[in-house]
Amino acid sequence: MRKRKMIRKMMSGLLLIGLVFVSACSSNATQGNDQKEQAKVIKAGIGLNEDHPQGQGLLKFKEIVEEKSAGKLKVQTYFSASLGDDLKMTEALQGGTQEVTIPSTSPLVGMIKEFGVLDFPFLFNTAEEADTILDGPIGKKLLEKLPEHGLVGLAYWENGFRHVTNSKNPINTMEDFKGLKLRTMQNEVHIDAFKQLGANPTPMAFSEVFTALESKTIDGQENPLATIKSNKFYEVQNYLSLTKHVYTPFVFLVSKKFWDNLSPEEQQILKDAAVEAGKYQRELSRQEDKKALEELKKTGIKINEVSDEERKKMEEAIKPVIDKYAKKFGEELVKEMYSELEKIRQ
Ligand code: KDG
């Protein structure tokens, strides 16, 4: 009798040990799975549409990150200013409620004035010149100013050379800007430059532009051809004048709050992906710039070239604006910029 009791006790003891062991294994497994399942999510928002080179570049970034991190980093993409415009999304990064955005550098000048040197009209003659400057010491110097504002800059992508559309008259000469109510980005250099050309500039967030054109609150706006096509501005504008008056870069931003919690390996994956997808995006942007012009010709908007002679006159006219902001942004940096460009053009 006593022996049977002993065996039963031992059996239930063994059973208990077995149960504890099994549950421990399964919880580790689930913990393992949870850890595997709980990928780090990167909320990435942009202002332009998915079909725009900026959107296609973001999808390329997602593909590279998820592949290189074996799914441990997941990129959720948001297009067409669905998370807000450039400034709102940049503030969300600073607050840590969003992880990635790729704004134009122009709206950031209110936060980091030195970026304003990139907004000098007629600064770059070619996209390749812009690449050399942005991927060189000057571009790097500007990125190094971001962390103190809660942002990390990983690369420069391309928004492109901007041209003017409007509903009133073709722009052939500087005089044709007279009194035109033109929307600009929230950028003091652009505002003063268009004032200097005789226009009446109005700063406005990008997602408000189409409605403002349609309701004739403004007469016109200026953007690269890919954006004029992607956002269908030709539906609410009569004239497209190829002014090529300024080049705008995008800057690939990450929230510093998020970045600082990543491992060095994860940071490297994001850095490499932003640079690699950036190369892809720039190439796409240059192809789209040509394609968009051909497609815009079929939309009925009246397109005119602006002669180099007239562009030279415009460049001359805005020189006082450049001088004014060179003092504000730093004469040293501006001198370095123009001497770098001279070197490139030799
Ligand atoms: O995210 C990019 C866009 O929101 C914006 O920069 C487009 O060039 C632009 C503009 O005119 O605001």
Side-chain angles (χ1 to χ4, degrees), residues 53-54 57 102-106 108-109 112-146 153-163 185 187 189-190 193 222-226 242-253 271-272 274-290 293 305-346:
Q54 189 193 39
I102 318 168
S104 290
T105 54
S106 311
L108 303 181
V109 173
I112 305 165
K113 62 180 175 36
E114 289 82 0
F115 270 104
V117 294
L118 302 174
D119 293 304
F120 288 174
F122 307 104
L123 178 67
F124 300 122
N125 293 339
T126 66
E128 289 68 25
E129 281 183 0
D131 296 352
T132 308
I133 294 290
L134 294 169
D135 300 345
I138 291 174
K140 195 163 171 298
K141 209 180 277 182
L142 294 174
L143 293 183
E144 285 160 0
K145 294 185 181 298
L146 290 162
L154 298 184
Y156 292 99
W157 291 14
E158 178 166 277
N159 189 342
F161 282 105
R162 305 173 78 92
H163 307 283
M185 287 187 278
N187 179 278
V189 181
H190 289 192
E222 41 86 53
N223 251 290
L225 299 172
L242 302 176
T243 49
K244 192 184 174 189
H245 54 276
V246 70
Y247 176 93
T248 303
F250 289 133
V251 59
F252 193 104
L253 297 179
K271 172 71 184 175
D272 297 346
V275 171
E276 191 183 335
K279 289 198 180 90
Y280 167 83
Q281 189 274 342
R282 281 174 172 173
E283 197 35 53
L284 212 57
S285 171
R286 285 151 211 189
Q287 290 163 12
E288 178 59 15
D289 195 58
K290 295 190 182 73
L293 183 58
E305 298 274 348
V306 179
S307 68
D308 287 347
E309 191 198 342
E310 282 302 327
R311 292 179 69 248
K312 258 286 160 256
K313 285 186 193 155
M314 295 173 190
E315 186 174 357
E316 278 311 308
I318 61 169
K319 271 233 165 26
V321 174
I322 305 279
D323 298 342
K324 168 185 172 186
Y325 285 102
K327 292 190 184 66
K328 182 171 180 181
F329 301 152
E331 308 268 15
E332 270 319 296
L333 180 61
V334 172
K335 227 187 274 150
E336 186 189 351
M337 167 77 82
Y338 283 107
S339 67
E340 276 296 312
L341 282 169
E342 244 160 71
K343 270 192 229 138
I344 297 170
R345 290 167 184 165
Q346 269 152 19

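Each residue takes its place number in the sequence, starting with 1.
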May I ask you to check whether Glu222 and His245 show a side-chain donor-acceptor distance below 3.5 Å?
yes
Donor-acceptor pair, side chain of Arg311 and main chain of Val306, under 3.5 angstrom
no
Cationic N near anionic O, under 4.0 Å, Glu332 to Lys335:
yes
Would you compute the distance between atom OG1 of Thr105 and atom CG of Leu108 and round it to the nearest 0.5 angstrom?
6.5 Å
I'd like to know if Lys141 and Glu114 make a salt bridge, using a cut-off of under 4.0 Å between side-chain N and carboxylate O.
no
What do the steps show when you test Phe161 against Thr243 for side chain to side chain contact (heavy atoms under 4.5 Å, CB included), and what is the final call?
CA-CA 9 Å; Phe161 282 105; Thr243 49; over 6 Å; no
For Phe122 and Lys244, run side chain to side chain contact (heavy atoms under 4.5 Å, CB included): C-alpha distance rounded to whole Å, both residues' side-chain angles, the deciding distance at 0.1 Å, then the answer.
CA-CA 8 Å; Phe122 307 104; Lys244 192 184 174 189; over 6 Å; no
Do the non-hydrogen side-chain atoms of Asn159 and Gln54 ever get within less than 4.5 Å of each other?
no
Rounded distance [0.5 Å steps], CG in Leu123 versus CG in Leu341
5.5 Å
Are Tyr247 and Glu158 linked by a side-chain donor-acceptor pair shorter than 3.5 Å?
yes
Please confirm whether the backbone N or O of Pro53 pairs with a side-chain atom of Trp157, one donor and one acceptor, at under 3.5 Å?
no
Would you say Lys328's side chain and Lys113's backbone share a donor-acceptor pair under 3.5 angstrom?
no
pair Ile344-Glu128: side-chain heavy atoms closer than 4.5 Å
no
Going by atom types only, do Arg162 and Thr248 share a side-chain donor-acceptor pair under 3.5 Å?
yes
Taking the side chain as every heavy atom from C-beta outward, state whether Val251 and Leu143 have any pair of such atoms under 4.5 Å apart.
yes
Does some side-chain heavy atom of Ile133 sit less than 4.5 Å from a side-chain heavy atom of Glu129?
no
Just how far is it from atom NZ of Lys327 to atom OH of Tyr325, taken to the nearest 0.5 Å?
12.0 Å
Nearest-0.5 Å distance that lies between atom CD in Glu331 and atom CG in Asp323:
8.0 Å
Cationic N near anionic O, under 4.0 Å, Arg282 to Asp135:
yes
Just wondering, do Pro121 and Val321 contact through their side chains at under 4.5 Å, heavy atoms?
no
Evaluate side chain to side chain contact (heavy atoms under 4.5 Å, CB included) for Asp119 paired with Val109, printing each intermediate quantity in order.
CA-CA 9 Å; Asp119 293 304; Val109 173; 3.3 Å; yes
Let me confirm one number: the CD1-OG distance from Ile138 to Ser339, rounded to the nearest 0.5 Å.
7.0 Å
Apply salt bridge (charged side-chain N to carboxylate O under 4.0 Å, His left out) to Asp131 and Arg286, showing your working.
CA-CA 12 Å; Asp131 296 352; Arg286 285 151 211 189; 2.8 Å; yes
Residues Glu316, Lys313: salt bridge by 4.0 Å N-O rule
no
Just so I know, are the side chains of His163 and Asn223 near enough to count as touching, which here means a heavy-atom distance under 4.5 Å?
no
Checking Asn187 side chain against Ser106 main chain: does a donor-acceptor pair fall under 3.5 Å?
yes
Any idea how Phe120 and Phe329 line up, ring-wise: parallel (<30°), tilted (30 to 60°), or perpendicular (>60°)?
parallel
With heavy-atom distances below 4.5 Å as the criterion, would you say the side chains of Leu253 and Leu146 are in contact?
yes
Above 12 or not: heavy atoms from other molecules or residues under 6.0 Å from NZ of Lys312?
no
Measure the spacing between CG of Leu134 and CG of Leu118 and express it to the nearest 0.5 Å.
6.0 Å
I'd like to know if Lys343 and Glu340 make a salt bridge, using a cut-off of under 4.0 Å between side-chain N and carboxylate O.
yes
Can you check whether Leu293 reaches Leu242 side chain to side chain, under 4.5 Å on heavy atoms?
yes
